[in-house]
Amino acid sequence: TQLLKQSPQFLSIQEGENLTVYCNSSSVFSSLQWYRQEPGEGPVLLVTVVTGGEVKKLKRLTFQFGDARKDSSLHITAAQPGDTGLYLCAGGITGFQKLVFGTGTRLLVSP
Amino acid sequence: DAGVIQSPRHEVTEMGQEVTLRCKPISGHDYLFWYRQTMMRGLELLIYFNNNVPIDDSGMPEDRFSAKMPNASFSTLKIQPSEPRDSAVYFCASSLAGVRWSKGYEQYFGPGTRLTVT
């Protein structure tokens with residue numbers, strides 16, 4: 001069974017701080033996606049990374065796929081209250097369309 | 001473009017009653033997924049379809065759960081009889097495979113149905 005463990009589970013910070021969320025597995029994934037979910041809504045795709053070592057930036061968010069394609073990180077610079085939400089990583093498995101979702105990280109950014 | 005549509009958004013029912021959740025995927029998408037989300041267990045895949053055919057239902061918790069996809073634009077998830085432990089948010093998601101594999105397996109989620117069984 002492929003599992004994706006995220007850390008930390010919960011994070012409460014002040015506006016302007018930086019943070020990093022980690023997504024780790026012992027399995028290799030063909031792609032890694034990050035989603036953000038706000039209360040009362042479904043998860044929304046932020047980014048997809050497919051190459052080991054790949055780094056993608058989305059404004060203040062930086063995503064990295066591990067060299068061995070077993071882990072990923074999400075770094076937020078100068079967090080804002082609008083970044084508040086549940087962050088989910090999800091791994092794609094070659095040959096299967098389904099995703100393996102991580103355990104989630106709840107982020108609260110206070111003004 | 002319309003996203004994934006789910007109905008109802010909220011459902012409150014009594015234990016033992018039948019519950020039917022509905023989903024309309026994004027037009028042209030060929031994969032449809034049903035998930036359940038709880039605080040304790042996170043986001044769990046229940047079943048998914050490809051071109052209206054069930055591919056993997058290993059996540060369906062019990063025989064009380066069933067899902068159908070009679071055509072490319074409609075799917076249902078039915079719970080009969082419902083139990084309090086079925087209370088959760090149920091999501092439907094769709095995706096398009098085979099195009100631009102470099103983008104991975106992006107899924108597009110609906111807003112969810114919050115089910116409460118009393």
Side-chain angles (χ1 to χ4, degrees), chain A residues 1-10 21 23 25 27-54 56 58 63-65 69 72 85-106, chain B residues 3-7 9-10 21 23-26 29-51 53-60 88-114:
Chain A
T1 302
Q2 288 147 309
L3 297 172
L4 276 168
K5 188 175 172 72
Q6 290 183 234
S7 61
Q9 275 188 286
F10 302 97
V21 176
C23 172
S25 175
S27 303
V28 175
F29 292 97
S30 56
S31 69
L32 202 295
Q33 300 171 17
W34 284 92
Y35 291 79
R36 179 169 65 208
Q37 183 179 13
E38 298 186 14
E41 301 295 331
V44 175
L45 180 68
L46 295 174
V47 77
T48 301
V49 285
V50 297
T51 306
E54 183 176 359
K56 280 193 175 179
L58 186 66
F63 305 86
Q64 184 164 11
F65 201 8
R69 291 186 287 129
S72 180
L86 175 67
Y87 288 80
L88 294 162
C89 63
I93 308 164
T94 301
F96 297 90
Q97 191 67 10
K98 67 181 181 181
L99 294 171
V100 175
F101 275 88
T103 49
T105 296
R106 290 192 181 275
Chain B
V4 175
I5 299 172
Q6 290 188 248
S7 65
R9 291 295 309 274
H10 302 273
L21 311 181
C23 174
K24 177 179 170 55
I26 293 172
H29 280 192
D30 52 359
Y31 279 84
L32 184 139
F33 305 82
W34 281 102
Y35 290 90
R36 177 172 67 177
Q37 187 177 42
T38 61
M39 287 292 291
M40 290 295 294
R41 299 174 69 89
L43 193 63
E44 301 174 279
L45 176 64
L46 300 177
I47 184 172
Y48 74 99
F49 296 82
N50 175 218
N51 292 323
V53 176
I55 301 301
D56 183 352
D57 66 354
S58 59
M60 296 286 260
V89 181
Y90 290 80
F91 288 103
C92 174
S94 69
S95 70
L96 178 63
V99 177
R100 297 194 297 273
W101 281 102
S102 64
K103 280 203 165 188
Y105 308 82
E106 295 97 337
Q107 294 183 13
Y108 298 85
F109 284 76
T113 296
R114 180 173 294 277

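Residue numbers begin at 1 in each chain, while the letters A, B, ... track the order of the sequences. As the structure is a computational prediction, the values presented were derived from the model and not from experiment.
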Check whether more than 12 heavy atoms from other residues, nucleotides or ligands sit under 6.0 Å from atom NZ of A/K56, and answer yes or no.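 Yes, the 6.0 Å shell around NZ holds more than 12 heavy atoms from other groups.
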More than 12 heavy atoms of other groups within 6.0 Å of A/R36 CZ: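 Atom CZ in A/R36 is crowded, with more than 12 foreign heavy atoms closer than 6.0 Å.
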Please look at A/L88 and chain B and tell me whether the side chain, the backbone, both or neither of the residue comes under 4.5 angstrom of a heavy atom of that chain.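 The side chain, not the backbone.
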What part of A/T103 lies closer than 4.5 angstrom to a heavy atom of chain B: side chain, backbone, both or neither?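 Contact with chain B involves no heavy atom of A/T103 at all.
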Can you give me the closest heavy-atom contact between [X] and [Y], atom names plus distance?
X: B/F91; Y: A/Q37; answer: CZ-NE2, 3.3 Å
X: A/K98; Y: B/F33; answer: CA-CE2, 3.8 Å
X: A/Y35; Y: B/Q107; answer: OH-N, 3.1 Å

To the nearest 0.5 Å, what is the distance between CG (A/L99) and CD (B/E106)?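 Separation between the atoms: 9.0 Å.
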Heavy-atom pairs under 4.5 Å with chain A are the metric here; pick the option from B/N50, B/L43, B/I55 that has the most.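 Ranked by heavy-atom pairs under 4.5 Å with chain A, first place is B/L43.
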Picking from B/Q37, B/Q6, B/R9, which has the most non-hydrogen pairs under 4.5 angstrom with chain A?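 Top count of heavy-atom pairs under 4.5 Å with chain A: B/Q37.
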For chain B, which of A/G102, A/G104, A/G42 has the most heavy-atom pairs under 4.5 Å?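 Greatest number of close heavy-atom pairs with chain B: A/G42.
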